[in-house]
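Written below as structure tokens is the structure these notes are about.
Since the model is a prediction, treat every value here as computed from it, not as a measurement. Hydrogens, waters and symmetry mates play no part in the numbers below; they use all other heavy atoms, side chains included. Note that the numbering runs from 1 along the sequence shown for the chain.
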Amino acid sequence: MRYIVLILFVLMSCVSWSQKSFFEYVPKNWKIVSTAKGDLNKDGIEDLVLIVKDNDASNRIKNESLGQELLDVNSRNLLILFKDKSGNYTLADSNSNGFIPSENSTENPCLSDPFTGVNIVKNILILDFNYWYSCGTYFVSNISYKFRYQNNNFELIGVEESSFSRSSGEQTDTSINFSIKKKEVTTGLNEFHESNPVTTKSSIEISELFKLKDCYFDTYSEVLSF
């Protein structure tokens, strides 16, 4: 019996060594700060999305102006890992262009950490952001990006954005469906007073969908310009 247990232990160890762990894709000295699990390529197997962050102490900078006292400008990257039936992970896509920005910015020290979360819902990758400034502006914006794996890429199929003024309460909601090339903008909303919403629908022209790997910090303004 003792020998059987030993053999099983050796076999299990060999299997675990042969599997390609997701940790192998995390750069040295970086750490995982956010994760999401779910099937992204519709093979019935749970895939993995990692948000990883550099851990360089020299990128934590003392702020001499308005805003937070200490600015963490360590880079954050996004990794998408497909899992196979053997439990191995392969890198399906990534973004290191600053689409997931650092927690803080020396250019905008009043801006709080914009990244709020990552989720996988019904094979769709969802990335959420919040733009809240402690000084310089009263406007707050929330934006949600929806990416679907198609054409061997993660393509942007939809955007939901809401912005409002902390002083007046005025709010505008924008919904863009890139798959059917439609846009809806709702104005007349108000966080503090009675709303009189008016929704305007329009068609958009786009020849090629945004790819996740090419998105960067200013993709926000590009998307909303449609």
Side-chain atoms of residues 199-209: list all donor-acceptor pairs with protein atoms under 3.5 Å, sequence neighbours left out, distances to 0.1 Å.
from : atom 1 : to   : atom 2 : distance (Å)
T199 : OG1    : T186 : OG1    : 2.8
S203 : OG     : K182 : NZ     : 3.1
E208 : OE2    : K211 : NZ     : 2.7

Do any side-chain atoms of residues 150-160 form donor-acceptor pairs under 3.5 angstrom with protein atoms, and if so which ones, sequence neighbours left out?
from : atom 1 : to   : atom 2 : distance (Å)
Q150 : OE1    : R148 : NE     : 2.8
Q150 : OE1    : R148 : NH2    : 3.2
Q150 : NE2    : E155 : OE1    : 2.8
N151 : ND2    : E155 : OE1    : 3.2
N153 : OD1    : K213 : NZ     : 3.3
N153 : ND2    : N151 : O      : 3.3
E160 : OE1    : S175 : OG     : 3.3
E160 : OE2    : S175 : OG     : 2.8

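In this structure, a donor-acceptor pair under 3.5 Å is present between the side chains of E161 and Y220. Side chains of Q171 and S163: a donor-acceptor N/O pair is absent below 3.5 angstrom, by distance only. Looking only at atom types and distance, the side chain of S75 has no donor-acceptor partner in the side chain of N77 under 3.5 Å away. Checked by atom type, the side-chain pair D128/S144 shows a donor-acceptor distance below 3.5 Å. For the 3.5 Å distance criterion, the side chains of N142 and N130 qualify, holding a donor opposite an acceptor.
Aromatic rings from F178 and F226 are positioned such that their centres are separated by under 6.0 Å. Remark: aromatic rings of F99 and F129 are close, center separation under 6.0 Å. Taking the six-membered ring for Trp, Y149 and F82 have ring centres closer than 6.0 Å.
Side-chain atoms of N119 do not come within 3.5 Å of backbone N or O of I126 as any donor-acceptor pair. Looking only at distances, no side-chain donor or acceptor of D54 sits under 3.5 Å from a matching main-chain atom of W30. In terms of modelled atom types and a separation under 3.5 Å, the side chain of N95 and the main chain of L212 share a donor-acceptor contact. Distance alone, capped at 3.5 Å, places no donor-acceptor pair between the N196 side chain and the G188 backbone. Although no hydrogens or angles enter the test, the distance criterion places no donor-acceptor pair under 3.5 Å between the side chain of S21 and the main chain of E24. One N or O on the side chain of N74 and one on the backbone of D56 form a donor-acceptor pair closer than 3.5 Å. For the pair D39 (side chain) and D43 (backbone), a donor-acceptor distance under 3.5 Å is present. Within the 3.5 Å criterion, the main-chain N or O of N88 finds a donor-acceptor partner in the side chain of D84.
For R76 and D113, the salt-bridge test passes: some basic side-chain N is under 4.0 Å from an acidic carboxylate O.
Remark: S105 pairs with E107, N108 by the side chain to side chain contact (heavy atoms under 4.5 Å, CB included) rule, at least two apart or across chains.
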I45 and K85: side chain to side chain contact (heavy atoms under 4.5 Å, CB included), yes or no, with the steps? CA-CA 7 Å; I45 301 173; K85 59 184 179 180; 4.0 Å; yes
In sequence, state the C-alpha distance, the side-chain angles, and the governing distance for K53 and E103, and then conclude on salt bridge (Lys or Arg N to Asp or Glu O under 4.0 Å). CA-CA 10 Å; K53 173 187 171 183; E103 290 184 28; 2.5 Å; yes
Evaluation steps, side chain to side chain donor-acceptor pair (under 3.5 Å), between S195 and N190: CA-CA 5 Å; S195 296; N190 198 292; over 6 Å; no
Test side chain to side chain contact (heavy atoms under 4.5 Å, CB included) on N63 and L70; report intermediate values, then the result. CA-CA 5 Å; N63 180 27; L70 190 67; over 6 Å; no
Between Y89 and Y25, is the side chain to side chain contact (heavy atoms under 4.5 Å, CB included) condition met? List the steps. CA-CA 9 Å; Y89 286 95; Y25 297 98; 4.2 Å; yes
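Annotation: side chain of V73 is in contact with side chain of I61 (closest heavy-atom distance under 4.5 Å).
In the hydrophobic cluster analysis, where Ile, Leu, Val, Met, Phe, Trp and Tyr join through side-chain heavy atoms closer than 4.5 angstrom, V185 is grouped apart from L224.
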